[in-house]
There are 4 protein chains.
Amino acid sequence: MPSTGKATPKRDELVDIASKLFYEQGFGATGIKQIIETAGIAKGTFYSHFSSKEEVGLAWLRKRHTQWNNWLQEKLSASKHPKGKILALFDFLEQWMQESNFRGCAFLNSLSEFPDPESPIRQEIESHKRGLQEAIQALTSQHYAEKPSSFASHKGTIIFLLFEGALIESQNFRKVWPITAARKEIKSLLAVER
Amino acid sequence: MPSTGKATPKRDELVDIASKLFYEQGFGATGIKQIIETAGIAKGTFYSHFSSKEEVGLAWLRKRHTQWNNWLQEKLSASKHPKGKILALFDFLEQWMQESNFRGCAFLNSLSEFPDPESPIRQEIESHKRGLQEAIQALTSQHYAEKPSSFASHKGTIIFLLFEGALIESQNFRKVWPITAARKEIKSLLAVER
Amino acid sequence: MPSTGKATPKRDELVDIASKLFYEQGFGATGIKQIIETAGIAKGTFYSHFSSKEEVGLAWLRKRHTQWNNWLQEKLSASKHPKGKILALFDFLEQWMQESNFRGCAFLNSLSEFPDPESPIRQEIESHKRGLQEAIQALTSQHYAEKPSSFASHKGTIIFLLFEGALIESQNFRKVWPITAARKEIKSLLAVER
Amino acid sequence: MPSTGKATPKRDELVDIASKLFYEQGFGATGIKQIIETAGIAKGTFYSHFSSKEEVGLAWLRKRHTQWNNWLQEKLSASKHPKGKILALFDFLEQWMQESNFRGCAFLNSLSEFPDPESPIRQEIESHKRGLQEAIQALTSQHYAEKPSSFASHKGTIIFLLFEGALIESQNFRKVWPITAARKEIKSLLAVER
DNA sequence: AATGAATGAGCCTTCATTCAT
DNA sequence: CATGAATGAAGGCTCATTCAT
């Protein structure tokens with residue numbers, strides 16, 4: 001009956017509405033009341049789709065993970081070579097931050113609201129970021145094809161960390177300079193050390 | 001006529017108690033009730049020291065800023081040269097994350113809970129991070145004394161972003177590898193490009 | 001046009017499922033949701049068999065009344081003489097309480113949940129207990145055949161009240177001593193005063 | 001701060017208001033909303049006096065225990081001899097049921113609402129009834145001073161069970177005949193078997 | 001028949017804050 | 001200065017019931 005997590009058009013719509021609010025205001029700062037009023041439904045209806053607030057939170061991050069990856073892949077696909085793709089990563093970040101009005105990353109934003117590392121939401125955050133790191137490392141492996149894999153792996157980690165640092169400081173300062181600085185550094189890094 | 005923010009021993013004690021709770025549980029997840037019960041005081045007493053919850057939050061971050069800087073300077077003072085100090089920055093980060101059980105940075109953790117960039121707390125976060133960035137840039141300026149200042153400034157920004165990225169991903173994965181990877185990269189970066 | 005109360009196999013099955021839950025948890029503490037989930041049916045299906053929760057409650061007590069009486073008669077039929085049957089009443093009570101884990105009497109348990117004495121459920125409770133009292137009085141009339149009927153009737157009432165008292169206190173203390181004490185008293189009472 | 005269970009005039013008043021509602025409607029059927037509206041206070045005020053609904057329930061039964069015992073002792077004190085006191089017990093019961101409009105016993109009424117025998121409320125019910133049983137046994141011990149104590153103890157139990165049976169069936173039928181029948185039986189029982 | 005989404009009043013509880021003492 | 005009772009909106013969630021499919 002309710003909350004098996006099966007996707008339905010209505011449930012999907014609710015996830016979208018909740019997602020917008022969660023992303024803009026934070027998970028804790030968003031109440032079920034606000035969600036249902038925005039959606040124009042009754043309390044009980046909401047709880048026939050989700051068993052708890054945390055479940056919508058989970059659905060939010062899971063859907064976001066997919067959408068975000070799709071968006072990213074689309075941006076990267078414009079470049080042919082790994083180097084171009086890596087730099088496109090930072091173009092993507094810049095565009096994203098500007099369009100979202102520097103609201104930052106839904107996953108990092110949720111990190112501090114869920115102190116228990118065993119919670120499903122924390123698992124989701126971790127797996128999302130692991131996915132990003134692996135994607136970047138796949139690109140550096142291609143780029144540094146003639147270098148030892150440990151070297152490429154290390155560089156991938158560094159780019160990942162620069163991406164994360166640029167992301168969060170762009171959010172903090174509401175400026176793009178952390179992103180452009182990181183991009184610049186990576187560009188020369190990729191050129192020089194091949 | 002309460003809460004002009006003047007420092008008193010009692011107020012200081014309350015800030016310390018609240019700080020611990022805010023840091024461990026998050027600002028939003030910590031209630032005034034919990035603070036006063038931990039402190040063993042009455043509601044009214046609390047509100048004679050602070051005019052609102054947000055004011056304690058502000059006091060928390062302001063005090064944290066000072067303490068954190070002191071702690072950092074102490075760690076850095078063990079090294080003589082700027083390069084050593086920069087690397088010590090990451091040793092400090094590693095120690096901090098381990099001792100805090102990977103709870104992360106009080107300022108970054110508060111970022112998502114205060115979406116309004118004009119809020120006093122956001123100002124505090126921004127100024128704290130600006131301070132860190134400037135401190136790092138002061139060190140890179142010394143290290144790269146013979147290079148153009150724009151170069152040193154850029155490298156300082158990069159180190160700052162790596163610090164932030166390593167910090168937040170160490171929190172996310174509850175592991176030190178992001179920190180050690182960043183440290184390793186910076187070590188070679190500082191050696192090679194002088 | 002649902003819920004005229006006509007017996008069907010499906011309705012009967014639902015009554016059985018609801019009965020178990022009502023008896024174990026109480027009428028008020030059991031939700032329709034739990035009933036339909038246990039039965040594996042939809043809300044609407046439930047309401048095509050019953051017009052309201054109270055109707056299932058009524059069906060529960062009516063069916064219980066029949067089953068309980070059958071069970072009791074079966075136990076009593078093992079004894080030939082009224083005296084034996086009366087004592088068997090308390091053996092039955094002891095067995096019942098132990099097997100039900102001292103959950104008590106479905107009718108007495110419902111008494112406090114329905115304060116309105118005019119409600120159908122209260123009528124059901126009253127008629128059930130009246131039936132028990134009359135059954136006991138029929139036995140005492142046989143036993144005291146040579147005594148005035150008012151005497152037998154009085155003794156029947158006393159045995160009924162002892163049964164009820166033993167029942168509820170056995171439930172309260174989760175022990176059989178109230179039942180064995182009552183049985184002992186009645187045994188000597190029936191022997192002496194003939 | 002709140003809900004240490006310490007008695008204050010306001011808390012006492014709230015317990016009285018809640019008690020009336022719990023007794024008339026049942027614990028589960030009475031909402032906090034109704035209690036606070038009757039008392040003319042705000043939700044938060046209620047929860048500054050009690051930490052949970054169950055705590056008021058507990059306070060209700062504890063206070064009732066004391067009041068009921070006082071009331072009973074007062075009634076019994078009018079009789080000098082144990083026999084008179086025992087009979088007065090049933091006069092008391094009759095008066096009580098009539099005055100309460102046959103609402104029955106607060107403790108027995110709560111029995112079915114708390115299936116867990118380890119719950120504090122069940123403990124309270126049990127201890128209340130144990131107290132009554134012991135009080136009755138104290139009287140039978142005096143009455144049967146020249147008989148073996150086991151005899152007196154047994155008779156005490158029987159009187160206790162008759163009391164309970166008369167109580168609950170008086171509630172069920174909303175009549176006094178169960179009480180007068182029990183009283184009559186006990187009167188002859190006490191006279192004959194000395 | 002059977003489904004299950006939808007309702008909205010209601011559940012118990014916590015929130016940050018105020019203010020008379 | 002400190003107290004803690006009082007506020008009432010809001011928190012997340014469950015209830016019995018209805019009804020279009």
Side-chain angles (χ1 to χ4, degrees), chain A residues 1-4 6 8-11 14 28-36 39-56, chain B residues 1-3 8 10-11 28-36 40-56, chain C residues 1-3 8 10-11 28-37 39-56, chain D residues 1-4 6 8-11 14 28-36 39-56:
Chain A
M1 179 161 311
S3 70
T4 45
K6 222 183 307 177
T8 65
K10 191 76 196 173
R11 187 188 143 107
L14 287 175
T30 303
I32 263 77
K33 199 190 172 195
Q34 200 183 357
I35 296 172
I36 62 166
I41 59 166
K43 276 263 178 78
T45 307
F46 175 87
Y47 278 97
S48 76
H49 289 288
F50 307 96
S51 67
S52 68
K53 188 186 176 185
E54 189 172 335
E55 197 180 286
V56 218
Chain B
M1 230 143 303
S3 70
T8 66
K10 191 75 195 173
R11 187 187 142 106
T30 302
I32 263 81
K33 195 187 171 191
Q34 199 183 358
I35 296 173
I36 61 167
I41 59 163
K43 279 259 175 79
T45 308
F46 175 87
Y47 276 95
S48 76
H49 288 292
F50 307 96
S51 67
S52 70
K53 187 187 177 184
E54 191 173 334
E55 198 181 286
V56 216
Chain C
M1 226 144 305
S3 71
T8 66
K10 191 76 195 172
R11 187 187 143 106
T30 302
I32 263 80
K33 195 187 171 190
Q34 199 183 359
I35 296 172
I36 63 166
E37 277 174 358
I41 59 164
K43 278 260 176 79
T45 308
F46 175 88
Y47 277 96
S48 75
H49 288 291
F50 306 97
S51 67
S52 70
K53 186 185 177 185
E54 190 172 334
E55 198 181 286
V56 218
Chain D
M1 181 163 310
S3 70
T4 45
K6 223 183 305 174
T8 65
K10 191 74 196 177
R11 187 188 143 108
L14 287 174
T30 302
I32 263 78
K33 199 190 173 196
Q34 200 182 356
I35 295 173
I36 63 165
I41 60 166
K43 277 261 177 80
T45 307
F46 175 87
Y47 278 96
S48 76
H49 289 290
F50 307 96
S51 66
S52 69
K53 188 186 177 186
E54 189 173 334
E55 196 180 287
V56 218

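Note on naming: letters A, B, ... go to the chains in the order of the sequence lines (proteins, then strands), and numbering restarts at 1 for each one. The model shown is predicted, which means the values in this text are computed figures rather than measured ones.
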To the nearest 0.5 angstrom, please state how far the [atom1] atom of [X] sits from the [atom2] atom of [Y].
{"X": "A/L14", "Y": "A/F50", "atom1": "CG", "atom2": "CZ", "answer": "5.0 Å"}
{"X": "A/I35", "Y": "A/K43", "atom1": "CD1", "atom2": "NZ", "answer": "11.0 Å"}
{"X": "B/S51", "Y": "B/F46", "atom1": "OG", "atom2": "CZ", "answer": "9.0 Å"}

What is the separation between atom [atom1] on [X] and atom [atom2] on [N], rounded to the nearest whole Å?
{"X": "C/K33", "N": "F/dC13", "atom1": "NZ", "atom2": "P", "answer": "12 Å"}
{"X": "D/I36", "N": "F/dA10", "atom1": "CD1", "atom2": "C1'", "answer": "14 Å"}
{"X": "A/R11", "N": "E/dG4", "atom1": "CZ", "atom2": "C1'", "answer": "15 Å"}
{"X": "C/Q34", "N": "F/dA16", "atom1": "CD", "atom2": "P", "answer": "10 Å"}
{"X": "D/K10", "N": "F/dA5", "atom1": "NZ", "atom2": "C1'", "answer": "9 Å"}
{"X": "A/E55", "N": "F/dG12", "atom1": "CD", "atom2": "C1'", "answer": "14 Å"}

Check: Taking the side chain as C-beta and beyond, is there a heavy-atom pair between A/K10 and A/I41 under 4.5 Å?
Finding: yes

Name the closest nucleotide to the [X] side chain, picking from [options].
{"X": "B/Y47", "options": "E/dT17, E/dC12, E/dC15", "answer": "E/dT17"}
{"X": "D/K53", "options": "F/dC13, E/dT13, F/dA16", "answer": "E/dT13"}
{"X": "D/T45", "options": "F/dG12, E/dT14, F/dT7", "answer": "F/dT7"}
{"X": "A/H49", "options": "F/dC13, E/dA5, F/dA10", "answer": "E/dA5"}
{"X": "D/I41", "options": "F/dG11, F/dT7, F/dT3", "answer": "F/dT7"}

Checklist line | Residue whose closest nucleotide on DNA chain E lies nearer the 5' end, B/F46 versus D/G28 | finding: D/G28

Item checked: Contact nearer the 5' end of DNA chain E, comparing D/E54 with B/E54 -> D/E54

Checklist line | C/K43 (side chain) and F/dT17 (base): donor-acceptor pair under 3.5 Å | finding: yes

Check: Is C/S48 near enough to E/dA1 that one of its side-chain N or O atoms lies under 4.0 angstrom from OP1 or OP2?
Finding: no

Applying a 4.0 Å non-hydrogen cut-off, can you work out what [X] is touching in the nucleic acid: base, sugar-phosphate, or nothing?
{"X": "A/G44", "value": "base"}
{"X": "C/T30", "value": "sugar-phosphate"}
{"X": "D/I32", "value": "base"}

Next item on the list: Mind listing the closest non-hydrogen atom pair of A/E55 and A/R11 along with its distance?
Entry: OE2-NH1, 3.3 Å

Note to self: Checking the side chain of B/K53 only, and the main-chain atoms of B/T30 only, is there a donor and an acceptor separated by less than 3.5 Å?
What the structure shows: yes

Check: Using Watson-Crick and G-U wobble pairs with both distances under 3.5 Å, what is the 5'-to-3' dot-bracket string of DNA chain E, with [ ] for crossing pairs and | for pairs outside the strand?
Finding: .||||||||||||||||||||

